[in-house]
Amino acid sequence: TTDLGATEEEECVCVSDPNKVQVGQGCVCKKGMFVAGTTCKSCTAGHFIGTLGASVCSPCPQGSTTSAAVGLEQCHAMCVRCPVWARDDG
């Protein structure tokens with residue numbers, strides 16, 4: 001581990017790959033990252049992953065999105081108020 005004083009396994013970064021954390025005797029991808037071959041990659045916008053070592057990102061629920069989510073709780077509402085010139089409210 002490179003994080004001295006870590007209190008949880010998820011805080012122990014593997015020396016061999018900073019995108020992985022130590023779990024037991026092995027290393028798995030950090031939350032928010034999925035396994036792609038031998039490397040870890042981040043989920044794309046609108047997707048999330050919340051479990052260590054997962055290999056598939058899930059889409060955010062309808063009506064929400066994210067730029068880089070770790071877990072479902074980080075997907076947020078997509079509501080954006082239109083500028084006055086673009087509104088059709090009479």
Side-chain angles (χ1 to χ4, degrees):
T1 180
T2 58
D3 292 343
L4 297 176
T7 58
E8 296 183 30
E9 281 187 332
E10 293 176 16
E11 297 174 358
C12 295
V13 176
C14 290
V15 175
S16 62
D17 186 339
N19 290 321
K20 294 182 178 181
V21 293
Q22 184 152 357
V23 175
Q25 297 296 314
C27 293
V28 297
C29 293
K30 292 179 177 181
K31 282 187 179 179
M33 304 189 96
F34 66 97
V35 179
T38 58
T39 61
C40 299
K41 297 193 178 209
S42 297
C43 295
T44 58
H47 291 77
F48 72 96
I49 200 163
T51 56
L52 294 173
S55 59
V56 178
C57 296
S58 300
C60 287
Q62 187 172 359
S64 66
T65 191
T66 185
S67 57
V70 172
L72 178 59
E73 67 280 355
Q74 291 179 321
C75 292
H76 55 84
M78 291 192 311
C79 297
V80 177
R81 187 157 172 84
C82 293
V84 174
W85 58 265
R87 280 191 250 158
D88 186 21
D89 54 7

Val13 backbone acceptor or donor facing Lys30 side chain under 3.5 Å: no
Residues that Thr39 engages under side-chain contact (heavy atoms from CB on, under 4.5 Å), provided they are two or more places apart: Ala36, Lys41
statement: All heavy atoms of Cys29 vs all of Val21, minimum pair found to be O-CG2, 4.5 Å
- prompt: So, for Thr65 and Gly46, which heavy atoms are closest and what is the spacing to 0.1 Å?
  reply: OG1-CA, 3.5 Å
task: Report yes or no: does Gln22 contribute a side-chain atom to a donor-acceptor pair with the main-chain N or O of Gly24 at less than 3.5 Å?
output: yes
message: To check you understand the geometry: which heavy-atom pair defines the closest contact between Ser42 and Met33, and what is its length?
response: OG-CE, 3.7 Å
- prompt: Can you name the side-chain contact (heavy atoms from CB on, under 4.5 Å) partners of Pro59, sequence neighbours left out?
  reply: His47
